[in-house]
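Notes for the one structure printed next.
All values reported here derive from a predicted model rather than from experimental measurement. For ligands, and for the atoms within them, numbers begin at 1 and follow the listed sequence.
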Amino acid sequence: MKTLKGKPAAGLHGELVVPGDKSISHRGIMFGAISEGQTTLTHFLTSADCLSTLNAFKQLGVPIEREGTTVKIQGVGLHGLKASDQPLDMGNSGTTTRLIMGLLAGQPFDSTLIGDASLSKRPMKRVSVPLAQMGAKIDTTDGHLPVTVKGTKLHAVNYQLKVASAQVKSALILAALQAETPSTLIEQLPTRDHTERILTAFGADVQTADDGVTITVQPQPHMTGQTMTVPGDMSSAAFFMVAASLVPGSKITLKDVGLNKTRTGLLEILQQMGGKVTINTTPTDGEPIGDLIIEATDLKPIEIGKEQIPAVIDELPLVALLAAKANGVSKVTGAEELRVKETDRISAIVQEFKKLGIAIEELPDGFVIDGRQPWHVTDTALDAHDDHRIGMVLGVAALLVDTPLTLKGAESVGISYPEFFDDLDQLL
Ligand code: S3P
């Protein structure tokens with residue numbers, strides 16, 4: 001049980017470099033592994049999830065060395081992976097699991113994937129069913145882990161995605177690389193495009209049409225290892241952006257944060273709510289990055305629907321917190337995907353926010369929050385629900401109340417941000 005820091009006397013102040021992007025760190029390892037030659041990643045995220053990916057690829061015969069946040073991968077090419085004699089442990093990581101399913105489906109060997117209790121409850125048919133249309137032979141356990149992937153030859157597909165999910169899209173792209181003719185994938189809504197960008201940087205031919213949702217994948221690319229600095233994770237920066245916006249007197253600078261448009265939903269929402277944000281972009285060849293300066297201010301309520309969800313999917317618990325301090329009623333809908341994250345995040349937010357006396361109403365696909373109601377703590381024992389992002393949002397919420405609060409499961413922050421509470425302390 002962790003005791004959370006309460007209201008700081010003078011707000012949050014200072015400058016912070018947040019750890020590397022989780023989505024990009026995963027992909028850096030995976031795409032480095034299936035390229036030829038060395039890939040060097042700097043500012044790699046050394047969190048539990050990304051280490052699940054690193055260890056899985058070591059088990060698949062890829063030489064990988066890590067010193068701190070620098071990782072060197074000796075790529076074995078698209079056809080150089082080796083069978084693992086042990087099951088591959090995906091830990092808590094949905095990204096590792098779903099992307100690796102697409103890759104392993106086309107390999108000439110079988111693999112078994114296992115994971116922790118939370119991951120073992122998450123849906124895997126959203127990947128195995130479309131992969132089956134490409135000839136993949138994947139057995140799930142009632143749609144969940146453990147999963148057995150029987151490697152086989154894959155064929156191209158023309159597929160319309162049923163969920164707006166970058167993980168599903170990426171699994172299909174990795175399978176399509178191993179087919180013999182080009183594949184076309186059509187998304188419901190644009191989702192994070194790191195797979196498309198990074199594969200292209202490594203030499204693959206993955207093109208998105210002007211409509212933003214039609215992706216064509218050319219098969220059998222020869223990809224070459226690259227040197228890549230992983231940008232700061234917008235999804236981690238977001239916790240401090242919200243803390244600094246809400247705690248009176250705050251002013252902070254977040255350095256070198258990834259500003260890929262498919263990830264900046266929270267930044268735009270904060271601006272629409274009247275947040276004080278200055279963005280100083282830095283020119284780069286790869287993923288866009290920049291420094292963010294955030295100051296505390298009063299916020300207006302907001303309504304968010306389906307179309308806006310993918311770019312803010314991981315930050316919706318933070319949108320709830322912004323809404324809980326805005327001067328009106330906010331509403332989020334079209335976010336039913338939150339129910340199948342590391343925990344049911346709609347239910348977790350509603351349960352934990354109610355302990356703080358926040359006026360929140362649960363919807364099947366989102367929530368309604370009246371930020372005008374004063375908070376009054378009714379239960380000081382908060383619970384992270386074994387979910388890193390719920391743990392961190394509650395760590396930020398605690399900065400807004402006078403009553404001392406505790407957090408059960410605070411160690412779950414290690415999934416994406418092991419130093420979260422230390423970094424927060426630095427700004428207090
Ligand atoms: C991720 C995609 C998102 C996101 C997750 C990381 C990725 O999941 O929630 O944290 O790296 O592709 P979905 O694609 O399932 O929405």
Side-chain angles (χ1 to χ4, degrees), residues 19-31 44-45 47-50 52-53 56 90-103 115 118-119 121-130 143-144 161-174 185 187-199 206 213 215 230-231 233-239 258 260 262-266 287 306-319 334-346 348 365 387-393 412-413 415-417:
D21 187 275
K22 179 157 86 69
S23 294
I24 297 176
S25 294
H26 282 301
R27 287 159 172 83
I29 301 266
M30 293 185 185
F31 306 164
F44 173 79
L45 173 62
S47 75
D49 262 13
C50 296
S52 292
T53 294
M90 306 285 101
N92 187 250
S93 178
T95 307
T96 315
T97 313
R98 289 174 179 141
L99 270 64
I100 220 169
M101 279 168 72
L103 182 60
S118 145
L119 185 61
K121 288 193 203 123
R122 298 181 63 188
M124 295 301 156
K125 276 204 172 151
R126 53 176 56 203
V127 190
S128 64
V129 167
H144 303 99
L161 277 92
K162 308 282 182 282
V163 272
S165 163
Q167 294 181 352
V168 177
K169 169 179 67 175
S170 301
L172 296 175
I173 292 175
L174 289 171
L185 308 171
E187 291 200 87
Q188 287 203 342
L189 287 168
T191 59
R192 66 189 66 193
D193 62 357
H194 305 299
T195 296
E196 298 89 309
R197 282 170 179 261
I198 305 170
L199 281 175
V206 180
V213 290
I215 302 153
V230 179
D233 197 327
M234 168 55 82
S235 299
S236 298
F239 294 99
N260 179 317
T262 61
R263 298 285 300 281
T264 51
L266 184 80
E287 293 268 354
K306 195 175 171 68
E307 309 260 304
Q308 289 152 287
I309 298 297
V312 68
I313 184 72
D314 290 338
E315 291 70 61
L316 288 168
L318 285 165
V319 172
E336 61 277 359
E337 275 294 298
L338 285 184
R339 298 223 179 252
V340 291
K341 293 294 176 190
E342 285 81 332
T343 189
D344 174 343
R345 285 187 178 154
I346 295 177
D365 60 345
D387 181 322
H388 53 131
R389 300 198 201 282
I390 298 297
M392 291 188 275
V393 79
S412 62
V413 305
I415 292 301
S416 66
Y417 198 164

Exercise for review: Could you tell me which non-hydrogen atom of Lys162 sits nearest to which non-hydrogen atom of Gln188, and how far apart they are?
Suggested key: O-NE2, 3.0 Å

Point to revise | Contacts of Glu315 that satisfy salt bridge (Lys or Arg N to Asp or Glu O under 4.0 Å) - sequence neighbours left out | key: none

Check your understanding: Can we say Asp21 and Arg192 salt-bridge, meaning some charged N sits less than 4.0 Å from an Asp/Glu carboxylate O?
Key -> no

Exercise for review: Please determine if Asp49 and Lys22 form a salt bridge, counting it only when a charged side-chain N lies under 4.0 Å from a carboxylate O.
Suggested key: yes

Review point. What does the list of residues with a heavy atom under 4.0 Å from ligand 1 look like, ordered by chain and number?
Key: Lys22, Ser23, Arg27, Thr95, Ser165, Ala166, Gln167, Arg192, Ile313, Asp314, Lys341

Check your understanding: Is a donor on one side and an acceptor on the other found under 3.5 Å between the side chain of Asp365 and the backbone of Gly334?
Key -> yes

Exercise for review: Please step through side chain to side chain contact (heavy atoms under 4.5 Å, CB included) for the pair His194 and Arg263, ending with a clear verdict.
Suggested key: CA-CA 10 Å; His194 305 299; Arg263 298 285 300 281; 2.9 Å; yes

